[in-house]
A.B. asks: 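One structure follows; several queries about it will come next.
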Amino acid sequence: MWNRLFNQQQNSHEKANSSVTTAQKVKKFRPYQDPKDLVKAGTWNKKSENKEQPDLTKVKDLWIRVSLKGNRTYIMSGKKPIYTMLSTGGVYHKNKSDTPTGTYHIQHERGAAFYNHKLNEGAKYYVSWKDHGVYLFHSVPTKSDGSINKEEAKKLGKSPGSHGCIRLSIPDSKWLAATVPAGTKVVIKNL
């Protein structure tokens, strides 16, 4: 009897510690602390922060930092994040994301919507950062009729899900595609 009680207590203690460890791991994957006004992960129809999105034409030392495992994209001014976006990168296969890591630059390709028949998926508001239209920042995915794929949209800021692009909320993707200057540096890392 005593052994059974001890084992039950031990198991509950391990489960409690395991959830703390999981929360700590997620935080470890984010290079910057989440701002207090960041919306709840999975929110795809609102901008990620409740503050005004910055005027990217006036940001000094502008660049973009993506944390794939942290599911965050940061608008940077030098070494400081000035706007944080919930994001979803590529699915992992054998501990490697479908989103390429490295340093890239915003390209000229951008638009209001696209649909890829091969992948049976599209998105709203996109801007290219690699291979001239292959790898994009874009909204959460859309279906063939243009409606939001809500099952996939729920992953925003929580887990990987794309074929290699970086997914953002609809307002964030619209703002980024309309305002980010071509040539802006983009750094994509696992952490």
Side-chain angles (χ1 to χ4, degrees), residues 25-90 97-114 123-141 153 155-162 164-191:
K25 283 181 185 176
V26 169
K27 283 184 181 180
K28 191 168 99 174
F29 290 141
R30 297 196 182 120
Y32 308 101
Q33 188 173 355
D34 281 346
K36 292 182 194 288
D37 68 343
L38 191 72
V39 297
K40 182 180 173 187
T43 303
W44 54 268
N45 56 351
K46 296 179 182 176
K47 59 186 177 170
S48 293
E49 284 196 61
N50 289 319
K51 69 181 182 185
E52 194 69 30
Q53 294 161 321
D55 180 348
L56 298 181
T57 63
K58 295 180 180 177
V59 175
K60 190 174 181 176
D61 299 323
L62 172 68
W63 61 290
I64 300 171
R65 165 69 157 88
V66 177
S67 170
L68 294 174
K69 289 187 177 180
N71 298 295
R72 299 290 186 270
T73 296
Y74 305 94
I75 302 298
M76 303 293 295
S77 176
K79 294 181 179 181
K80 181 183 175 191
I82 58 170
Y83 189 78
T84 301
M85 297 181 283
L86 300 176
S87 61
T88 294
S97 174
D98 285 347
T99 302
T101 57
T103 301
Y104 307 95
H105 293 86
I106 294 294
Q107 299 173 326
H108 291 284
E109 295 82 8
R110 59 184 79 211
F114 72 90
K124 299 176 184 288
Y125 313 112
Y126 65 90
V127 61
S128 180
W129 52 266
K130 184 179 185 314
D131 294 344
H132 299 282
V134 176
Y135 292 96
L136 312 166
F137 286 106
H138 62 67
S139 76
V140 292
K155 295 178 182 179
L156 190 65
K158 292 181 183 179
S159 62
S162 81
C165 292
I166 304 297
R167 298 174 179 173
L168 304 169
S169 73
I170 292 174
D172 287 341
S173 61
K174 182 178 184 178
W175 162 73
L176 191 68
T179 63
V180 69
T184 300
K185 182 169 79 170
V186 176
V187 177
I188 300 179
K189 296 183 178 186
N190 278 309
L191 305 178

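Positions are given from 1 along the sequence.
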A.B. asks: List in chain and number order the residues that pass side-chain hydrogen bond (donor to acceptor under 3.5 Å, both in side chains) with Thr99, two or more places apart in sequence or in another chain; answer none if no residue qualifies.
C.D. replies: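 side-chain hydrogen bond (donor to acceptor under 3.5 Å, both in side chains) check on Thr99 returns nothing, list empty.
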
A.B. asks: State whether the side chain of Trp63 and the backbone N or O of Ile75 hold a donor-acceptor pair below 3.5 Å, judged by distance alone.
C.D. replies: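 Flag not set: sc Trp63 to bb Ile75 has no pair under 3.5 Å.
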
A.B. asks: Which heavy atom of Thr43 sits nearest to which heavy atom of Lys40, and what is that distance?
C.D. replies: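 Scanning both residues, the minimum pair turns out to be OG1-O, 2.7 Å.
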
A.B. asks: Using atom types as modelled and distance alone, determine if a side-chain donor or acceptor of Lys47 lies under 3.5 Å from a backbone N or O of Lys51.
C.D. replies: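 Yes; at least one donor-acceptor contact below 3.5 Å.
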
A.B. asks: Please answer whether the main-chain N or O of Gly70 pairs with a side-chain N or O of Arg30 as donor and acceptor at a distance below 3.5 Å.
C.D. replies: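 A pair under 3.5 Å: yes.
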
A.B. asks: Using a 3.5 Å distance criterion without hydrogens, assess whether the side chain of Ser67 forms a donor-acceptor pair with backbone atoms of Arg72.
C.D. replies: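 Pair absent, no side-chain N/O of Ser67 close to backbone of Arg72.
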
A.B. asks: Ser48 and Thr84: which non-hydrogen atoms are nearest, and at how many Å?
C.D. replies: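 Looking at all heavy atoms of both residues, the closest pair is CB-O, 3.3 Å.
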
A.B. asks: Say you draw a straight line from OH of Tyr83 to CD of Glu52; how long is it, rounded to the nearest 0.5 Å?
C.D. replies: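 Atom-to-atom, Tyr83:OH and Glu52:CD are 9.0 Å apart.
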
A.B. asks: How about Leu68 and Ile166: do any of their side-chain heavy atoms sit closer than 4.5 Å?
C.D. replies: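 Leu68 reaches Ile166 side chain to side chain.
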
A.B. asks: Contact between Ser169 and Tyr125 at the side-chain level, heavy atoms closer than 4.5 Å - yes or no?
C.D. replies: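 They are not in side-chain contact.
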
A.B. asks: Tell me the closest heavy-atom pair linking Ser173 and Ser139, and the distance in Å.
C.D. replies: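 Minimum heavy-atom contact is OG-CB, 3.3 Å.
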
A.B. asks: Using the six-membered ring wherever Trp is involved, compare the ring planes of Tyr135 and Trp129 and label them parallel, tilted or perpendicular (cut-offs 30° and 60°).
C.D. replies: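 Rings of Tyr135 and Trp129: tilted, as their planes differ by 30° to 60°.
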
A.B. asks: Ring pair (Phe, Tyr, Trp, His ring centres under 6.0 Å): which pairs involve residues 37-58, sequence neighbours left out?
C.D. replies: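 Those involving residues 37-58 do not exist here.
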
A.B. asks: Are any non-hydrogen side-chain atoms of Tyr126 and Cys165 less than 4.5 angstrom apart?
C.D. replies: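 No, too far: nothing below the 4.5 Å cut-off.
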
A.B. asks: In the structure I gave you, are the side-chain heavy atoms of Leu86 and Leu38 within less than 4.5 Å of one another anywhere?
C.D. replies: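 Of all side-chain heavy-atom pairs linking Leu38 with Leu86, at least one is under 4.5 Å.
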
A.B. asks: Please find the pair of heavy atoms, one from Gly164 and one from Ser162, that lie closest to each other, and give the distance.
C.D. replies: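 Smallest interatomic distance, heavy atoms only, reads N-OG, 3.0 Å.
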
A.B. asks: Would you say Asp172 and Gln53 are linked by a side-chain donor-acceptor pair, where the criterion is simply a distance under 3.5 Å?
C.D. replies: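 Looking only at side-chain atoms, Asp172 and Gln53 do form a donor-acceptor pair, the distance falling under 3.5 Å.
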
A.B. asks: Is Thr73 close to Leu176 at the side-chain level, that is, under 4.5 Å between some pair of heavy atoms?
C.D. replies: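 Not touching, per the 4.5 Å side-chain cut-off.
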
A.B. asks: Does the side chain of Met76 come within less than 4.5 Å of Tyr32's, by heavy atoms?
C.D. replies: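 Tyr32 vs Met76: side chains touch.
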
A.B. asks: Does Met85 reach the side chain of Trp175, with side-chain heavy atoms less than 4.5 Å apart?
C.D. replies: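 Sidechains of Trp175 and Met85: in contact.
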
A.B. asks: Is the side chain of Asp37 donor-acceptor paired with the backbone N or O of Glu49 at a distance under 3.5 Å, no angle test?
C.D. replies: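 It does not hold such a pair.
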
A.B. asks: For the side chain of Arg110 and the backbone of Val180, is there at least one donor-acceptor N/O pair under 3.5 Å apart?
C.D. replies: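 A pair under 3.5 Å: yes.
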
A.B. asks: Any donor-acceptor pair under 3.5 Å linking the side chain of Ser87 with the backbone of Leu168?
C.D. replies: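 The answer is no, because no donor-acceptor pair under 3.5 Å joins these two groups.
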
A.B. asks: Provide the closest heavy-atom pair for Val59 versus Pro54 in the form atom of the first, atom of the second, distance.
C.D. replies: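 Taking Val59 first and Pro54 second, the nearest heavy atoms are CG2-CB, 4.3 Å.
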
A.B. asks: Could you walk me through whether Lys124 and His138 pass side chain to side chain contact (heavy atoms under 4.5 Å, CB included), step by step?
C.D. replies: CA-CA 6 Å; Lys124 299 176 184 288; His138 62 67; over 6 Å; no

A.B. asks: For residues 183-191, please give each side-chain donor-acceptor pair under 3.5 Å, one per line with the distance, not counting sequence neighbours.
C.D. replies:
from: Thr184; atom 1: OG1; to: Pro181; atom 2: O; distance (Å): 2.7
from: Asn190; atom 1: OD1; to: Tyr92; atom 2: OH; distance (Å): 2.6

A.B. asks: Would you say Val66 and Thr101 make side-chain contact, with heavy atoms under 4.5 Å?
C.D. replies: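 In short, these two side chains do not touch, never coming nearer than 4.5 Å.
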
